[in-house]
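Just so it is clear, the model here is predicted, and its values are computed rather than measured. Convention: sequence-line order gives letters A, B, ...; per-chain numbering from 1.
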Number of protein chains: 2
Amino acid sequence: MHNLLSSLRIDINSSLYLKDPESSSLGINIVKSSIDLIDLYGIEEFNFKKLAKAIGSTESSIYRYFENKHRLLLYISSLYWGIVEFQTVVQTNNMPDGMEKLMKAVETLFSTPQTKCTSFEIEGQKLRHILNSEFVKAYHHKLVDEENEAGYFSIYKRLASRLSEMIVGVNPRYMYSNSLASLIMEGSLNQYFLSEHFHNLTDCHSKDNLYEFYKDLLTKTLTS
Amino acid sequence: MHNLLSSLRIDINSSLYLKDPESSSLGINIVKSSIDLIDLYGIEEFNFKKLAKAIGSTESSIYRYFENKHRLLLYISSLYWGIVEFQTVVQTNNMPDGMEKLMKAVETLFSTPQTKCTSFEIEGQKLRHILNSEFVKAYHHKLVDEENEAGYFSIYKRLASRLSEMIVGVNPRYMYSNSLASLIMEGSLNQYFLSEHFHNLTDCHSKDNLYEFYKDLLTKTLTS
DNA sequence: TTTAAAATGATAGTATTACTATTAACTTTG
DNA sequence: CAAAGTTAATAGTAATACTATCATTTTAAA
């Protein structure tokens, strides 16, 4: 068996970009640098002018890769969820015990993404930080239904579906596996945001704490 | 005891507006109509030009009430959470049983807000719908720390704190009451959004369903 | 190695947005 | 009735989010 990690490529919906950013060094720079800048400015204050300046290129060149910054954010989001999905699958593969498997998946969800499996040299922490702050804006959007139809959220939904299946694996009689899966995924971003900006709204100020909170919640919900 | 409802006024942080919209019919129209338009267009496509046109006034007049549309959204959000907090307090008042009290609060959280207790004739459903879609953008914002410092989220945080206390009332040994309270409040908006736009990501497609999901979650988490 | 094709850069321009400023008209209150 | 306060009308500005065009550079195929 050859090295799965090195030959793997996260398959991002091609209608998210005009030209595949992985196909050129400019494209790679666009994605890499956009992550720095979105993290720095937030998506509202981020624009292609700033990005062009940062990579020593021009706006028009960037527009050849991405239609607009919203699509770029969706691309970055897919990249994140793709990494998380990949890690989840690898880490939980062949685990016989359902509960152990689910817990491993949850732990992965709350961990820093391993960006090595991409063409981009990205800091995992930065990528996660963007998702914590900006992902909700990627889907709380007027065009969400069209974009969903176009498959822009398919990786996210697939991961939710995997989690849901794991939940059913633990307790086949549990009636809210989809809602619970979404709740955990949403929480994996939001609880970090709360910890950073609304300290008193959460009791979890570390990855371990958070993991314990959800572990407790899931164990009790699914086994009692 | 005089009528609490009729004399009550939801106390919204006065630095959210330049001139109190409740102080004039123009102000009331601004808030009323903005709810219609934000619901229709979403906050990104909504602007003061459209709002001015809708109420037969001018942009400059609106700018005398609100510094910008973001502040207006924060105002509307405070109004929503103020109503929910009020209802929660009224409904759970003097309930001796902790669990019953918490469940009542959760039920209120998932209900349509009673807008009668405001100066504005607003459709509760519309107000809730805006919150479902737009509230996350009100606080996932680059200036969130300053705005939080300025007290723009104090009603939201106070309600979270009340819920947290109720949770502790049910189980004083439970260690994550704040996180759990936030999780429920967040869920009270997000799960509706999922039901509308990502049908497969949730199992709850009615208020009752949703309420049952959280009731189950809370009962098991706090009593086992 | 030439040549065509593709990618990128440079520059310019447009429509819209999010305001600010000024002055005039109207309304309310003392 | 006069003064003060409120609103309307109009104009203007800086920034944003693009689009278009054409020149130049890079790459890849013959």
Side-chain angles (χ1 to χ4, degrees), chain A residues 14-34 37-38 40-76 119-120 134 137-138 141-143 146-147, chain B residues 14-34 37-38 40-76 119-120 134 137-138 141-143 146-147:
Chain A
S14 64
S15 45
L16 276 174
Y17 48 77
L18 299 169
K19 181 173 155 62
D20 186 356
E22 287 192 84
S23 70
S24 75
S25 64
L26 178 62
I28 288 171
N29 275 329
I30 287 171
V31 174
K32 268 179 61 178
S33 190
S34 71
L37 294 184
I38 293 172
L40 178 64
Y41 293 114
I43 193 75
E44 286 88 0
E45 256 64 56
F46 165 82
N47 59 44
F48 282 1
K49 195 175 184 179
K50 284 172 182 165
L51 179 56
K53 200 181 168 192
I55 59 176
S57 180
T58 59
E59 277 183 78
S60 49
S61 299
I62 297 166
Y63 276 109
R64 272 188 210 100
Y65 284 83
F66 291 101
E67 220 170 304
N68 52 49
K69 68 176 175 182
H70 175 62
R71 292 281 170 91
L72 175 52
L73 179 61
L74 290 173
Y75 181 91
I76 293 169
S119 321
F120 313 99
E134 313 294 346
K137 297 173 208 166
H141 192 272
K142 204 65 196 173
L143 302 176
E146 292 166 43
E147 296 185 339
Chain B
S14 64
S15 44
L16 276 175
Y17 48 78
L18 300 168
K19 181 172 153 64
D20 187 355
E22 287 191 84
S23 70
S24 76
S25 64
L26 178 61
I28 288 171
N29 274 329
I30 287 172
V31 173
K32 268 179 61 179
S33 191
S34 70
L37 294 184
I38 293 173
L40 178 63
Y41 293 114
I43 193 74
E44 286 89 0
E45 256 64 55
F46 165 82
N47 59 44
F48 282 3
K49 196 174 183 179
K50 285 173 182 164
L51 179 56
K53 198 180 169 194
I55 60 176
S57 181
T58 58
E59 278 183 76
S60 49
S61 298
I62 297 166
Y63 277 109
R64 267 187 219 100
Y65 286 83
F66 292 101
E67 221 170 303
N68 51 51
K69 69 176 174 181
H70 175 62
R71 291 281 169 91
L72 174 53
L73 179 61
L74 288 172
Y75 181 90
I76 292 169
S119 320
F120 314 99
E134 314 295 345
K137 297 173 207 165
H141 192 271
K142 204 65 196 173
L143 301 177
E146 293 165 42
E147 295 184 342

*Assign a letter to each nucleotide of nucleotides 15-30 of chain C from its 5' end: B, base within under 4.0 Å of a protein heavy atom; S, sugar-phosphate only; -, no contact.*
--SSBBB---------
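- Atom-to-atom distance recorded for A:Leu26:CG and A:Ser61:OG is 6.0 Å, nearest 0.5 angstrom.
- The OG atom of B:Ser34 sits 7.0 Å away from atom CZ of B:Phe66, with the distance rounded to the nearest 0.5 Å.
- Side-chain contact between B:Ile62 and B:Glu59: absent, with no pair of heavy atoms (C-beta onward) separated by less than 4.5 Å.
- One finds a side-chain N or O of B:Ser61 lying less than 4.0 angstrom from the OP1 or OP2 phosphate oxygen of D:dA8.
- Listed pair A:Ser57 / C:dT8 fails the phosphate criterion, with no side-chain N or O lying under 4.0 Å from OP1 or OP2.
- Of the residues in residues 16-33 of chain A, those placing a heavy atom less than 4.0 Å from an atom of DNA chain C are A:Lys19, A:Ser24, A:Leu26, in numerical order.
- Separating the CG atom of A:Leu72 from the C1' atom of D:dT16 is a distance of 16 Å, rounded to the nearest angstrom.
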_Full working for side chain to side chain donor-acceptor pair (under 3.5 Å) between B:His70 and B:Glu147_ = CA-CA 11 Å; B:His70 175 62; B:Glu147 295 184 342; 2.9 Å; yes
*Might you work through the side chain to side chain contact (heavy atoms under 4.5 Å, CB included) test for A:Tyr41 and B:Lys142, ending with a clear yes or no?*
CA-CA 7 Å; A:Tyr41 293 114; B:Lys142 204 65 196 173; 5.6 Å; no
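- Between A:Leu51 atom CG and D:dA17 atom C1' the separation is 14 Å, expressed in whole Å.
- Distance CG/B:Leu51 to OG1/B:Thr58: 10.5 Å, rounded to 0.5 Å.
- Salt bridge status for B:Glu45 with B:Lys50: absent, with no side-chain N to carboxylate O gap under 4.0 Å.
- Between A:Tyr65 and C:dT8, a side-chain N or O to OP1/OP2 separation shorter than 4.0 Å is present.
- Atom NZ of B:Lys53 and atom P of D:dA9 are 14 Å apart (whole Å).
- Inter-residue side-chain proximity for B:Leu72 and B:Phe46 is flagged as met; some heavy-atom pair is nearer than 4.5 Å.
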